[in-house]
Amino acid sequence: MMVIGLTGGIGSGKTTVAGFFKEKGIAVYIADDAGKRLLETSEKIREQVIALLGQKAYNDHTPNRKYIASIVFNDTEKLEALNSIIHPAVASDFEIWKTKQTSVYVIYEAAILFESGGYRKCDYNILVTANKEERLKRLQQRDQSTIEEIEARMARQWSDEKKKKLADFEIQNHDLALARSKVDELHEILLKRGKN
Ligand code: ATP
């Protein structure tokens with residue numbers, strides 16, 4: 001089965017675009033949601049995260065997200081170590097999920113698809129883009145975050161210029177109707193490639 005990676009900077013509209021593929025009957029796996037779920041449910045991950053970040057990382061069996069974020073936000077080594085616990089678990093969860101899907105191709109949505117190297121496992125990769133001002137506006141509305149918080153998160157992701165070099169397709173998401181018609185167009189291309 002063909003796997004299509006879907007990524008984009010925060011607020012670019014990845015999840016919105018993934019929804020357009022879903023409407024076409026394409027199965028969508030959201031890696032970030034799976035990571036959060038596994039952090040909550042996997043005993044093995046809980047043990048590894050506590051070994052890395054300390055007992056405070058969990059309140060009993062509930063991950064203490066604020067605490068975890070506060071540590072890894074300023075400590076790249078710890079962030080990488082945390083990712084090296086979660087990413088392999090997500091990868092095997094995805095492999096199991098994939099075997100149950102019946103669409104011609106599936107979408108693998110991840111925020112750091114290029115940064116993590118995950119794109120190499122995908123047959124094609126799609127980058128969703130929108131300009132910075134628009135993304136800031138959307139995220140301020142959606143998350144009630146401050147501009148400083150959003151810019152700090154943006155600064156940790158690769159620039160679109162760098163990601164574009166690795167992407168096979170780009171979906172510009174300024175106008176929703178235009179983004180949707182780009183999805184229509186790509187869907188036809190991918191169906192053909194998936195059947196060959
Ligand atoms: P994150 O990485 O932060 O999860 P994302 O890339 O998945 O973000 P979405 O959650 O899809 O982005 O979109 C961010 C917000 O912007 C949402 O509230 C969404 O409804 C809105 N949005 C997405 N696309 C557009 C658009 N073309 N025009 C206006 N608003 C949009």
Side-chain angles (χ1 to χ4, degrees), residues 3-40 63 65-66 68-70 72-74 76 79-80 82-83 86-87 90-91 93-94 97 105-119 122 124-187 190:
V3 177
I4 311 301
L6 179 74
T7 193
I10 52 167
S12 60
K14 304 178 278 302
T15 305
T16 304
V17 167
F20 297 158
F21 282 99
K22 246 189 199 170
E23 286 169 13
K24 299 190 162 292
I26 296 303
V28 174
Y29 183 90
I30 301 188
D32 298 343
D33 290 351
K36 283 184 193 147
R37 173 171 49 78
L38 292 167
L39 198 64
E40 272 166 27
R65 290 188 194 291
K66 276 208 172 131
I68 296 174
S70 72
V72 300
F73 203 81
N74 296 309
T76 323
L79 175 64
E80 280 171 13
L82 180 66
N83 283 341
I86 294 174
H87 287 172
V90 170
D93 183 71
F94 173 67
W97 175 88
Y105 64 91
V106 296
I107 296 276
Y108 179 87
E109 182 201 319
I112 54 165
L113 188 69
F114 291 119
E115 292 89 332
S116 71
Y119 75 97
C122 299
Y124 298 101
N125 291 286
I126 301 173
L127 176 67
V128 180
T129 57
N131 66 44
K132 194 176 161 194
E133 291 67 36
E134 182 67 24
R135 290 163 60 200
L136 278 172
K137 204 169 77 188
R138 289 174 192 167
L139 293 171
Q140 277 177 289
Q141 276 170 3
R142 191 192 65 182
D143 304 338
Q144 278 85 48
S145 307
T146 65
I147 291 190
E148 290 73 28
E149 283 165 348
I150 301 166
E151 284 189 332
R153 276 155 64 204
M154 283 180 174
R156 296 163 63 84
Q157 299 186 330
W158 283 8
S159 69
D160 279 351
E161 280 55 47
K162 190 164 175 182
K163 289 188 251 191
K164 274 181 199 173
K165 293 193 179 114
L166 295 168
D168 300 290
F169 304 103
E170 179 185 349
I171 298 178
Q172 294 183 353
N173 177 30
H174 304 295
D175 177 275
L176 279 177
L178 285 178
R180 192 187 280 272
S181 64
K182 183 71 186 176
V183 168
D184 291 347
E185 187 191 308
L186 274 182
H187 178 63
L190 294 170

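Ligands are counted one by one from 1 in listed order, and the atoms in each one are counted from 1 as well. None of these values were measured; they are calculated from a predicted model.
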Side-chain heavy atoms of Lys182 within contact of Gln172, under 4.5 Å: no
Atom 8 (O) of ligand 1: the protein heavy-atom neighbour that sits closest, reported with distance to 0.1 Å: Gly11 N, 3.2 Å
the protein heavy atom lying closest to atom 20 (O) of ligand 1 turns out to be Thr16 OG1, 4.3 Å
Quick one: does ligand 1 sit under 4.0 Å from the side chain of Arg142, the backbone, both or neither, non-hydrogen atoms only? side chain
So does Ile10 get a backbone contact from the side chain of Arg153, meaning a donor-acceptor N/O pair under 3.5 Å? no
Identify the closest protein heavy atom to atom 27 (N) of ligand 1: which residue and atom is it, and at what distance? Asn173 OD1, 2.7 Å
Would you check the N or O atoms of Gly13, main chain and side chain alike, for any that come under 3.5 Å of an N or O of ligand 1? yes
For His174, take its heavy atoms, then give the atoms of ligand 1 lying under 4.0 Å from any of them. 26 (C), 27 (N), 28 (N)
Take every heavy atom of Ala111, measure it against each atom of ligand 1, and state whether any distance is under 4.0 Å. no
Gly9 neighbourhood, listing ligand 1 atoms whose heavy-atom distance to it stays under 4.0 Å: 6 (O)
Among non-hydrogen protein atoms, atom 29 (C) of ligand 1 lies closest to Arg138 NE, 3.9 Å
Are the side chains of Tyr29 and Leu6 in contact, using a 4.5 Å heavy-atom criterion? no
In the protein, what heavy atom is nearest to atom 2 (O) of ligand 1, and what distance, to one decimal place, separates them? Lys14 NZ, 2.6 Å
Determine whether a donor-acceptor pair (N or O, by modelled atom type, separation under 3.5 Å) exists between the side chain of Ser12 and the backbone of Ala130. no
Strictly below 4.0 Å, N to O, side chains only: are Glu134 and Arg138 in salt-bridge contact? yes
Under 4.0 Å from any heavy atom of Thr15, which atoms of ligand 1 are there? 7 (O), 11 (O)
Scan side-chain atoms only and decide if Thr15 and Glu109 contain a donor-acceptor pair under the 3.5 Å cut-off. yes
So with a 6.0 Å cut-off around NZ of Lys164, is the heavy-atom count from everything else above 12? yes
If you measure only the distance, is there a donor-acceptor pair under 3.5 Å linking the side chains of Glu170 and Thr129? yes
The answer for which part of Gln141 has a heavy atom under 4.0 Å from ligand 1 is neither
